[in-house]
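To keep things clear, I will list the structure first and then write my remarks on it.
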Amino acid sequence: METAELIKRLAADAPTVRRLPTPWLRAMFWLAIALPYVAAVVRGKLMMVDPSQTLADPRFMVEQAASFATALTAAFAAFGSVVPGFDRRLLLLPLGPLALWIASVGQGCLQDWLQFGADGLAIRPDWDCLPSATIIGIIPAIAMVVMLRKGAPLHPRMTLTLGALAVAAISNFGMQFFHFRDASIMMLFWHLGNVAVLSTLAAWIARYVLGWRHARAAR
Amino acid sequence: MHERSEQDGRLTALMRLGQDGDRGAYAAVLSEVAALSRQMVRRRFAFLQPQDIEDLVQDVLLSVHAARSTYDPGRPFLPWLTAIARNRMADGARRYARRAANEVVSDRLPETFPGEETNTLVDRYGDSEALAQAMADLPPGQRQAIELVKLRELSLKEASAVSGMSVGALKVAVHRGIAALRRALTGRC
């Protein structure tokens, strides 16, 4: 097809479009979907545990703040990465809270080791936690993918990795309310391990989930 | 510099109208996008054929169309366009490299019909008398098997019905008969 003909056809098929809001607004909108859902799941679980002690723990507060900030900044960076011309340096924004989160869990591991020795660093299988982790992350993940697909898939791997980080961080934020009394090494291994696995998996399937639709159709 | 910012301002205004459903303004944006991306592609891939350049330009146009909701008229247009064009050019370069790796460029097409060396008989028997003698020297079972399967081109099942030999025995007889003929005619095993 001639380029002039293509322009004519594209212009004929161009109704009014709704402009995407800014990445910050979209991150807030995503949180507005994800947070009530996570809260509902947590509420169901809290009936089984008493969170009053953990809420008074300063380390709990630091970890929760870091986890929440990671979710927010990763969502912002993911939504920014689908806007052409977005400043790519801002994609590094989640690294700060993520580092704080890892450091906080790492400090907990160190304390457990000093207090209990090698027993404090024993990793046990915790498969009971898997259904909760899946349930708590499912709606935030679906919302994230649907919202990301509205943008321009310029860097699918980076975008979906950041999206997965946001989902894993908000899921962890919720799960901490009923898992905080677990040993820190368990947090490090299972929760942060989950973040790493989800992000890697997301990067792997990114081209199938995100991508220019016309380019895929032409292949 | 001033010219570029003027162009950016014009494109921003046209794109805003295009997003609001003004088809004429949108067509004008796309025409300028085509010209700009053609320049970019030519600068970066000077070695490409004109049709490959147009393919990339059209890819940029389709991507701009698909991503038009991501443009914020409060921001300059050209960086937005450049990000899309660079992305499509990088993909185009990967596609080109993949295609180049699987294609062989040749100045001369491998046409062999007029070539003397390709117009020789491959299945030349050589001495037909020697072949007839070698066939006559074969044991009767092998000779019959070769006549039925190789000369009359019967299937193994049909040859088995004609000769009364089993399919397995026919296969063995044909194999041994061919080997014996080769030995008789070439002296090689």
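In the text below, chain A, chain B and the rest are named by the order of the sequence lines, each starting its count at 1. Worth knowing before you read on, the calculation uses all heavy atoms, side chains too, and leaves out hydrogens, waters and symmetry mates.
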* Segment of A:Ala4 engaging chain B (4.5 angstrom heavy-atom cut-off) -> neither
* Residue by residue, which of residues 18-38 of chain B have a heavy atom closer than 4.5 Å to a heavy atom belonging to chain A? -> B:Gln19, B:Asp20, B:Gly21, B:Arg23, B:Tyr26, B:Ala27, B:Leu30, B:Ser31, B:Ala34, B:Arg38
* Asked: Do you know which of B:Ala66, B:Pro73, B:Ala67 has the most heavy-atom pairs with chain A at a distance under 4.5 angstrom?
  -> B:Pro73
* **Contact origin within A:Lys8 toward chain B - heavy atom pairs under 4.5 Å** => neither
* Kindly give the heavy-atom pair with the smallest separation between B:Thr70 and A:Pro84, and that separation in Å. => OG1-CD, 3.3 Å
* Rounded to the nearest 0.5 Å, what separation is found between the CG atom of A:Leu154 and the CG atom of B:Asp91? -> 10.0 Å
* Write out, in numerical order, the residues from residues 141-166 of chain B with a heavy atom short of 4.5 Å from a heavy atom in chain A. => none
* Given side chain to side chain contact (heavy atoms under 4.5 Å, CB included), test B:Leu62 with A:Leu6 step by step and report yes or no. => CA-CA 9 Å; B:Leu62 287 165; A:Leu6 177 69; 4.1 Å; yes
* Asked: Taking everything shown except A:Glu2 itself, do over 12 heavy atoms lie less than 6.0 Å from its CD?
  -> no
* Which of residues 17-32 of chain A get closer than 4.5 angstrom to chain B, counting heavy atoms alone? -> A:Val17, A:Arg18, A:Arg19, A:Leu20
* For atom CE of A:Met158, decide whether the heavy atoms of other residues, nucleotides or ligands shown that lie under 6.0 angstrom number more than 12. => no
* To do: Taking atom CZ of B:Arg176 as the centre, report whether more than 12 heavy atoms of other residues, nucleotides or ligands fall under 6.0 Å from it.
  => no
* **Atom CZ of B:Arg75: over 12 foreign heavy atoms under 6.0 Å** => no
* Asked: Closest approach of B:Arg68 and A:Asp13, non-hydrogen atoms and distance?
  -> NH2-O, 4.2 Å
* **salt bridge (Lys or Arg N to Asp or Glu O under 4.0 Å) partners for B:Arg43, two or more places apart** => none
* Does B:Leu61 reach the side chain of A:Leu10, with side-chain heavy atoms less than 4.5 Å apart? -> yes
